[in-house]
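Down below is the structure, laid out as structure tokens.
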Protein chains: 2
Amino acid sequence: MVTLKDIGLRLGISPTQVSRALGGYPDVSDDTRQRVEDAVRQLGYRPNPNALRLKAGRSGVVGLVVPENSEQEESNILLEILLGLAVEFWKRDVLVVLNVLPKAAPSTKSYTRLFRQAAVDGFVVVNPSADPGLLAFLMAESIPFVTHGRAATTAGHAFVDLDNRAVGQIMAARLADLGHRDIAFVDGPQDSFSAEERLSGLSGVLAARGLSQRDDLIHRGMMTEQFGEAAVLSLFKNPDRAPTAIMVGNLVLATGVMRGLQRLGLSVPGDVSVMAHDDVLARYPRTTLTPDLSGTASPFTEAWGDIAGFLGQAIDGKNPGGLQKLIAPVAVQGASVAAPARA
Amino acid sequence: MVTLKDIGLRLGISPTQVSRALGGYPDVSDDTRQRVEDAVRQLGYRPNPNALRLKAGRSGVVGLVVPENSEQEESNILLEILLGLAVEFWKRDVLVVLNVLPKAAPSTKSYTRLFRQAAVDGFVVVNPSADPGLLAFLMAESIPFVTHGRAATTAGHAFVDLDNRAVGQIMAARLADLGHRDIAFVDGPQDSFSAEERLSGLSGVLAARGLSQRDDLIHRGMMTEQFGEAAVLSLFKNPDRAPTAIMVGNLVLATGVMRGLQRLGLSVPGDVSVMAHDDVLARYPRTTLTPDLSGTASPFTEAWGDIAGFLGQAIDGKNPGGLQKLIAPVAVQGASVAAPARA
DNA sequence: TTGTAAGCGTTATCAC
DNA sequence: GTGATAACGCTTACAA
């Protein structure tokens, strides 16, 4: 490994001066600077990152905490998050280390080991609702962190999340405007905060218009094609109680929903209107369904920069309570909604 | 941050002695050791990892190189790899940082930045066939690395891979034993080395028995359900030329294959025998198909320990040419194969 | 059994 | 414009 000393030795100057030349300090003669730069190129010098870190008192490393038991069908989303964050932090000369949260009884003890040993400046916590105790621990230890997504309580910690309530509101408003009254809701399980938020968006819109919500049209479960299909079959079991529109949590679920409708011989939007939210993934082509689904979309990609920025500020000691951002979804105009067939 | 000096000051001893006490050196009085340990607990002392790394001349960090443009449908496999390796290295007190290989024209320059800046002791390269130039670069720079999977040339570098040729052989032998002659092959694309190996396993078995191979029964493409289904439809377009058995690369493809057969009204194994390889993923329940598929299986999980071990040895300067391992697949007895209906 | 001192590779401070 | 020195926190000869 080539060091500043090596270069100094070779050029007959002190390491200090080499450092200055490389650091772009003004008080270095042009001649010296030139020779240093040449030598650096020739010898292939690279600053020793460990020395820099020791000097700076920072590791330049952030931890990426991901729960061991991630939703199986969400693997492409999780991967998108991991890779997206790695790239974003890399731009900022920050390394991202993977911390897998032990599935079995994550205790304060395992956290401690995680944080002491990882020796990172801060953490990004993915899917924080998977382990609320973790956030409490981090806050108590005043370890800088930002979450992607939210758990129920967000007071005083930094997060970046999609505005899922707006997602629910946009879809519900569109459907209600068209005259739909029996709107089904197919989304993630009870402990999914994002699904909860979208449902509350729907409820709010209905309430504001004096419409009542039918609990029997709410289907929550795993975000798999299978569950989407099963939910549809269940929804249309009794034709008298069937919905005229369906709001779906994401495109995986929607794929199952559309398959179910097809199996039942129901046309979209002729018989049923369908809206879905699309977490646009940069690394995956958009799922193509027929007809094109109306609904909402949000580019995940937007989040990475915000998360990296927030974490940087949190590490710099800024009050994390102010570092919160909701990403607004955009409405997507497809061809899967129409006024209800029966008035 | 609490340092050795702080503890020494508090206890009226030198930092050196504190270090020794903590390091488990014998020449420390029991009394001193006790007091040090107490102080450590009280003050919450943690060794500064950056100082350790600088001192040791090693970072205790390995890079995990993943291609930006990973196969979309393989995301759960890639995630399994990332998390599996992270956990395995974590056990060995080694951190894993994510390095995403730039999609656009990965140049020597981008590699250089990646490797110098990352300041890691070595790399695990996932899916090396995605970028052969990378391996050449790493070897030329004599940077320690281990690949998971292989590209065509493996001379002189460490790798851990499934023995895909054996996979092909096991399936082909079983089918040939039952009397199948027209065996279709549905697997990954041309540039997939694993698919290539499995095909060569099939070819070898056929050749050894004096059977000829029908190129029109070979379908290679993306490992998606869609492609699997399309391949089946194509295979049975002309009934006279249809296969009596199908070998499938993985369970995602197999799901599509089974759906295709169902659509065609073909029963398994009555009309067609199906065998598939199952990369058993620890984090995902085994895909359940009806009937249970016969074929081969290999627990991915086995690979992590080997990879971590190999990389450790490579970092310690061991000749990487000797660090190569093929994991043997096991035969899986399902209910999806039978003798061909027509002799 | 303990302390002193040097060194890992950098950069900031101070002096010349 | 340049060089010596100290310091970041730790380990390890070498002394005592």
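This structure is a prediction, so every number in the text was calculated from the model and none was measured. Letters go in sequence order (proteins before strands), and every chain restarts at 1.
Between the side chains of A:S19 and A:T16, no donor-acceptor pair of N or O atoms lies under 3.5 Å. Side-chain contact of A:R10 with A:Q42: a donor-acceptor pair under 3.5 Å is present, judged by distance alone. No hydrogens or angles considered: a donor-acceptor pair under 3.5 Å links the side chains of B:S59 and B:D121.
In this structure, B:R53 places its CZ atom 13 Å from P of D:dT11, rounding to the nearest Å. When rounded to the nearest whole Å, the span between CG of B:L54 and P of D:dT12 equals 13 Å. C:dT1 atom C1' lies 11 Å from atom CG of B:D30, rounded to whole Å. Atom CG of A:L43 is separated from atom P of C:dG9 by 14 Å (rounded to the nearest Å). Atom-to-atom, CZ of A:R33 to P of D:dG1 comes out at 10 Å; the value is rounded to the nearest Å. As a whole-Å value, the separation of B:L9 CG from D:dG9 P is 13 Å. Atom P of nucleotide C:dG9 and atom CZ of B:R58 are separated by 14 Å, given to the nearest angstrom. To the nearest angstrom, P of D:dC8 lies 17 Å from CG of A:L52.
For the pair A:Y25 and A:M1, nearest-nucleotide mapping onto DNA chain C gives the more 5' position to A:M1.
At a threshold of 4.0 angstrom between heavy atoms, the contacts of A:L4 include nucleobase atoms, whether or not backbone atoms are also involved. If you check every strand for non-hydrogen atoms under 4.0 Å, B:S29 touches sugar and phosphate atoms only. B:D27 comes within contact range of at least one nucleobase, with a heavy-atom separation under 4.0 Å.
Using a 4.0 Å cutoff on non-hydrogen atoms, the parts of residues 16-23 of chain B near DNA chain C are B:T16, B:Q17, B:R20, ordered by number.
Regarding contacts with the backbone of C:dG3, a side-chain N or O of B:S14 is found under 4.0 angstrom from either OP1 or OP2.
Remark: aromatic rings of B:F145 and B:H157 are close, center separation under 6.0 Å. For A:F310 and A:H148, the ring centers are positioned 6.0 Å apart or more.
Ranking C:dT1, C:dG9, D:dC8 by closeness to the B:K5 side chain, first place goes to D:dC8. Taking the side chain of B:N48 as heavy atoms from C-beta on, and the options D:dC10, D:dT2, C:dT10, the nearest nucleotide is D:dC10. Side-chain proximity of A:A51 to D:dG9, C:dG9, C:dG3: nearest is C:dG9.
Residue A:D30 places its CG atom among 12 or fewer non-hydrogen atoms of other residues, nucleotides or ligands, all under 6.0 Å distant.
The minimum heavy-atom distance between B:P128 and B:T147, with the atom names listed, is CG-CB, 3.9 Å.
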